[in-house]
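Let me begin by presenting the structure, written as structure tokens, before commenting on it.
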Amino acid sequence: MLMSKLVVKTLREAPADAEAISHQLLVRAGYIRRLASGIYSFLPLGLRVLRKVEAIVREEFDSVGAQELFLPALHPVEIWQETNRINTMDDVLMKVEVRGGDFVLGPTHEEAVIATVSPDLSSYRDLPATVYQIQTKFRAEARPRFGLLRTREFMMADAYSFDVDKEAMRSTYKMLFDAYCAIFDRIGIEYFPVEADAGSIGGDVNHEFMVPAAIGEDHFAYCKACGYAANIEAATRGERTVSTITSPAKEMRKVATPNSPTIKAVVDFLSGHGFVASAETSLKSMIVIDSQGAYHLLLVPGDRKVRIPSGMRAAEASDFEANPHLHLGYIGPIGMREVGVTIWVDRSISEEVGYCTGANEVGYHLLDVVLGRDYIADHVFDLVEVVDGDPCPRCDGDIALVRSVEAGHTFQLGLTYSNKIKSARFSSEDGSEAPYYMGCYGIGISRIPAVVAEVSHDANGLIWPLELSPFEVVVVALGYGSNDLVTEAADRIYDSLIDEEVDALLDDRNLAAGVKLKDADLIGITYQIVVGARGVADGNVEVKDRRTGEASVVAIAEVTDFLLDLLA
RNA sequence: CGGGGAGUGGCGCAGCGGCAGCGCACCUGGUUUGGGACCAGGGGGUCGGGGGUUCAAAUCCCCCCUCCCCGACCA
């Protein structure tokens with residue numbers, strides 16, 4: 001490809017709306033362009049990178065026997081009604097009403113894949129089977145941001161596995177998990193498969209593939225000592241001693257605490273009125289609602305954030321209005337069981353400490369409330385979000401939080417969908433009908449270029465790993481079109497590379513040397529061959545590795561072989 | 001959905017009642033060619049949209065739209 005023909009124009013300055021470094025560089029270097037908020041076009045350079053990501057995913061999926069198919073992006077609303085995700089995923093669904101019916105633009109394809117392949121997987125003899133596709137997905141993101149990292153329309157590869165039972169599903173999962181590791185190994189960036197929360201997709205065991213990055217919207221807990229890694233939404237912590245707290249358990253008593261609906265306000269109020277109070281010895285009370293609509297009270301130390309158990313959601317204003325026993329800002333455990341609220345207590349809450357808690361009466365709190373003496377817990381559980389320095393749940397080490405971007409997610413779905421979808425059945429060996437044990441495996445194809453850009457760039461621009469580089473090499477001809485020696489040498493080198501089937505780009509533009517060198521660095525192609533008048537006079541060119549900055553002077557006659565060695 | 005900020009040429013910005021500008025990019029000619037050149041000439045804008053105030057509106061007022069940032073559960 002000749003750069004003079006390539007549809008690209010680099011920018012000296014990034015658009016003002018680009019915050020993330022990947023967003024700035026991908027736009028400046030001419031890989032992508034915004035069409036609307038959270039909607040991006042891929043220009044020729046960007047598409048080349050996208051195709052490389054796709055190729056890696058295809059190769060690794062194919063190598064474990066997954067078969068590619070292609071599902072529609074437009075789904076009839078009926079299949080979403082069957083699983084009720086038309087309601088449970090309402091906040092992200094894009095709906096289309098047109099002549100001919102109501103449709104959903106697919107944000108994920110569990111319903112569609114089952115509807116498509118279940119006739120082909122009607123017998124235990126047809127299982128196990130794994131299919132995958134690379135498709136455009138749509139989500140009505142609350143807030144698209146960071147360029148390609150969070151968009152409303154994006155490219156995703158998603159695989160779905162079908163097995164006869166749990167054990168078979170686990171073994172398939174392991175196989176796909178390994179394929180994911182192979183994919184990320186080839187992409188060549190640091191990543192961590194972390195234990196994760198199932199979220200709205202449902203299911204059991206699952207892992208997120210996290211890439212540490214400053215811009216990341218997620219955090220995972222990581223223990224250097226043993227390798228424990230879990231999303232902050234799923235991470236637990238080891239035992240913590242509460243030895244620093246000494247508060248003789250006096251009689252429980254009620255005090256007036258006007259206008260103190262938060263932990264901070266209560267502690268400030270009590271401290272200002274002669275009481276001993278701290279966030280650590282206050283109980284943070286949070287009402288959550290389970291999938292059956294039942295109310296639960298979660299109690300954690302006031303200095304910690306609550307981690308809502310999966311399957312539950314935080315109560316909303318309407319839930320409080322529906323229950324006259326709940327007084328926002330003054331909720332506590334005393335009397336809650338009697339009105340049908342289940343009490344969950346965090347493991348770290350001590351039975352030897354008198355805590356401050358809401359009195360379930362507006363404007364009042366209770367002091368010296370003791371677990372086991374004044375109230376009992378229905379469940380003792382890990383209910384706090386881990387923080388830096390918490391003890392590791394698996395060893396004696398400490399947990400550190402790592403900011404990261406989610407690049408992939410693998411799930412053991414089990415029967416989550418098969419139980420809801422009538423057609424998700426096969427005839428088993430004994431002739432009875434059985435549901436599929438499923439797995440699903442998603443990787444954000446269009447997010448990968450941005451993730452790589454986030455972690456692989458320098459002050460001059462992008463730095464592509466060879467596996468993703470839009471071209472393998474760019475021939476930067478300084479003085480092309482005006483210096484005959486340079487022009488001839490560059491043409492000869494370029495032709496020779498093409499003859500050897502190297503994916504080469506020739507910068508044949510008649511521009512100042514500085515512009516061409518800056519562009520080459522900005523675009524970030526892995527290898528550069530710099531052809532300049534100085535070197536050509538001696539019969540040499542310079543081969544530079546964009547990743548390391550290392551440059552070698554190579555004779556023109558040998559440069560093709562030299563590069564082939566590098567690419568081998 | 002709540003709070004904050006911003007919409008002026010492809011991109012970055014200035015102008016804030018009186019002829020719509022600058023840098024980059026683009027076009028023509030010439031000079032230049034190892035780190036974002038130089039000289040000369042040129043093209044491109046219903047100043048986000050609508051309404052209002054005014055002799056006069058990019059500029060003041062009202063409504064709407066779009067974009068960006070922060071938050072959206074701790075009771």
Side-chain angles (χ1 to χ4, degrees), chain A residues 8-20 23-24 27-28 30 33-39 91 140 142-147 217 233 257 259-266 279 282-289 297-308 312-317 319-320 323 325-332 336 346 357-360 362 365 383-385 459-461 476-487 490 507 509-522 528 530-537 540-542 544 549 551 553:
Chain A
V8 68
K9 195 87 75 182
T10 60
L11 295 174
R12 192 181 297 223
E13 291 170 295
D17 64 9
E19 172 87 354
H23 186 193
Q24 295 178 8
V27 172
R28 278 189 58 206
R33 185 161 293 135
R34 193 181 72 83
L35 190 59
S37 177
I39 303 177
D91 51 340
R143 184 139 87 89
R145 61 184 134 176
F146 303 143
E217 298 177 276
E233 290 165 7
T257 51
N259 304 315
S260 304
T262 64
I263 295 286
K264 184 179 184 306
V266 173
S282 299
L283 291 180
K284 187 176 282 189
S285 306
M286 184 174 186
I287 296 289
V288 297
I289 314 243
L297 172 64
L298 310 184
L299 295 173
V300 305
D303 60 337
R304 301 293 298 242
K305 287 182 92 171
V306 174
R307 181 173 62 87
I308 299 173
M312 299 198 178
R313 63 172 176 85
E316 295 165 11
D319 301 311
F320 286 101
N323 192 324
H325 301 291
L326 302 178
H327 303 286
L328 209 69
Y330 300 93
I331 291 171
M336 273 291 128
D346 181 63
T357 171
N360 292 317
V362 174
H365 278 77
L383 293 173
V384 306
E385 207 172 275
N460 293 317
V476 187
L478 307 177
Y480 192 97
S482 59
N483 179 311
D484 291 344
L485 282 177
V486 166
T487 306
D507 188 350
R509 299 172 302 170
N510 189 7
L511 292 175
V515 175
K516 301 177 75 161
L517 291 164
K518 287 282 186 192
D519 271 352
D521 282 351
L522 176 61
Q528 301 175 358
V530 180
V531 183
R534 221 164 54 196
V536 168
N540 295 324
V541 294
E542 193 178 284
K544 187 175 124 186
V553 175

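Each chain gets a letter, A, B and so on, in the order its sequence line appears, and its residues count up from 1.
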- Against the side chain of A:Glu542, the closest entry in B:C67, B:G34, B:G36 is B:G34
- Item | Donor-acceptor pair, side chain of A:Tyr480 and main chain of A:Val531, under 3.5 angstrom | no
- Would you indicate which nucleotide in B:G36, B:A75, B:G34 comes nearest to any side-chain atom of A:Leu517? B:G34
- Message: Without decimals, in angstroms, what is the distance between A:Gln528 CD and B:G35 P?
- Response: 14 Å
- For atom CG of A:Leu522 and atom P of B:G36, their distance in whole Å: 14 Å
- Taking atom types as they are modelled, is there a donor-acceptor pair under 3.5 Å from the base of B:G35 to the side chain of A:Asn460? no
- Task: For A:Ser482, answer base if it contacts any base atom (sugar-phosphate contacts may also be present), sugar-phosphate if it contacts only those atoms, and nothing otherwise; contact means non-hydrogen atoms under 4.0 Å.
- Result: base
- Message: Rounding to an integer number of angstrom, what distance separates B:U54 and B:G18 when you compare their C1' atoms?
- Response: 12 Å
- Could you tell me whether the side chain of A:Asn540 and the main chain of A:Glu542 form a donor-acceptor pair under 3.5 Å? no
- salt bridge (charged side-chain N to carboxylate O under 4.0 Å, His left out) against A:Lys305, all qualifying residues, sequence neighbours excluded: none
- Who are the salt bridge (charged side-chain N to carboxylate O under 4.0 Å, His left out) partners of A:Lys544, not counting sequence neighbours? A:Asp521
- Query: Is it true that a side-chain atom of A:Asn360 and a backbone atom of A:Gly332 form a donor plus acceptor pair closer than 3.5 Å?
  - Reply: yes
- C1' gap between B:U8 and B:A14, integer Å: 10 Å
- Message: Rounding to an integer number of angstrom, what distance separates B:G7 and B:U59 when you compare their C1' atoms?
- Response: 14 Å
- Message: Any side-chain to backbone donor/acceptor pair from A:Thr257 onto A:Ser260? Under 3.5 Å, distance only.
- Response: no
- Rounded to the nearest 0.5 Å, how far apart are CD of A:Gln24 and CG of A:Asp17? 9.5 Å
- Query: Between B:A37 atom P and A:Asn483 atom CG, what is the distance in whole Å?
  - Reply: 20 Å
- What distance, rounded to whole Å, do you find between the two C1' atoms, one in B:G2 and one in B:C62? 23 Å
- Between B:A37 (C1') and A:Asp519 (CG): distance, integer Å: 14 Å
Can you tabulate the close N/O pairs, meaning under 3.5 Å, that link protein atoms to atoms of nucleotides 69-73 of chain B?
{"from": "B:C70", "atom 1": "OP2", "to": "A:Arg143", "atom 2": "NH1", "distance (Å)": "3.1"}
{"from": "B:C70", "atom 1": "OP2", "to": "A:Arg143", "atom 2": "NH2", "distance (Å)": "2.9"}

- Message: Mind checking if A:Asp521 touches a base, just sugar-phosphate, or nothing, with heavy atoms under 4.0 Å?
- Response: base
- Message: Donor-acceptor pair, distance only, cut-off 3.5 Å: does the side chain of A:Lys516 make one with the backbone of A:Ala477?
- Response: yes
- Task: Please check if the side chain of A:Ser285 supplies one atom and the backbone of A:Ile331 the other of a donor-acceptor pair under 3.5 Å.
- Result: yes
- So what does A:Leu511 touch, heavy atoms closer than 4.0 Å: a base, only the sugar-phosphate, or nothing? base
- Sequence-distant partners of A:Phe146, ring-ring contact (aromatic ring centres under 6.0 Å, His included), two or more places apart: none
- Query: In whole angstrom, what separates A:Asp346's CG from B:C74's P?
  - Reply: 18 Å
- Message: For a quick check, with a 4.0 angstrom heavy-atom cut-off, what is the B/S/- contact string for nucleotides 5-11 of chain B, read 5' to 3'?
- Response: ------S
- Query: Heavy atoms under 4.0 Å, any strand shown: does A:Val530 hit a base, just sugar-phosphate, or nothing?
  - Reply: base
- Thinking salt bridges, do A:Arg28 and A:Glu13 make one under a 4.0 Å N-O criterion? no
- Message: Between the base of B:G12 and the side chain of A:Arg28, is there a donor and acceptor pair under 3.5 angstrom?
- Response: no
- Message: What is the distance, to the nearest angstrom, from the CD atom on A:Gln24 to the P atom on B:G12?
- Response: 11 Å
- Note on the structure: Smallest heavy-atom separation, A:Gly532 atom then A:Val486 atom, equals C-CG2, 3.7 Å
- Query: What is the nucleic acid contact for A:Leu326, judged by heavy atoms within less than 4.0 Å: base, sugar-phosphate only, or nothing?
  - Reply: nothing
- Task: Specify the separation, in whole Å, of atom CG of A:Leu283 and atom P of B:A75.
- Result: 11 Å
- Message: Side-chain N or O of A:Thr10 versus OP1/OP2 of B:G36: is the shortest distance under 4.0 Å?
- Response: no
- Query: Looking for any heavy atom pair under 4.0 Å, which part of the strands does A:Tyr330 touch: base, sugar-phosphate only, or nothing?
  - Reply: sugar-phosphate
- Look at the side chain of A:Lys9 and decide which nucleotide, out of B:G34, B:G36, B:C26, has an atom nearest to it. B:C26
- Rounded distance in Å - CZ (A:Arg12) to P (B:G35): 14 Å
- Enumerate, in order of first residue number, the stems that involve RNA chain B, defined as 3 or more consecutive Watson-Crick or G-U wobble pairs with both distances under 3.5 Å. B:1-7 with B:65-71, B:10-13 with B:21-24, B:26-31 with B:37-42, B:48-52 with B:60-64
- Query: Is the backbone of A:Glu385 close enough, under 3.5 Å, to the side chain of A:Arg304 for a donor and an acceptor to pair up by distance?
  - Reply: yes
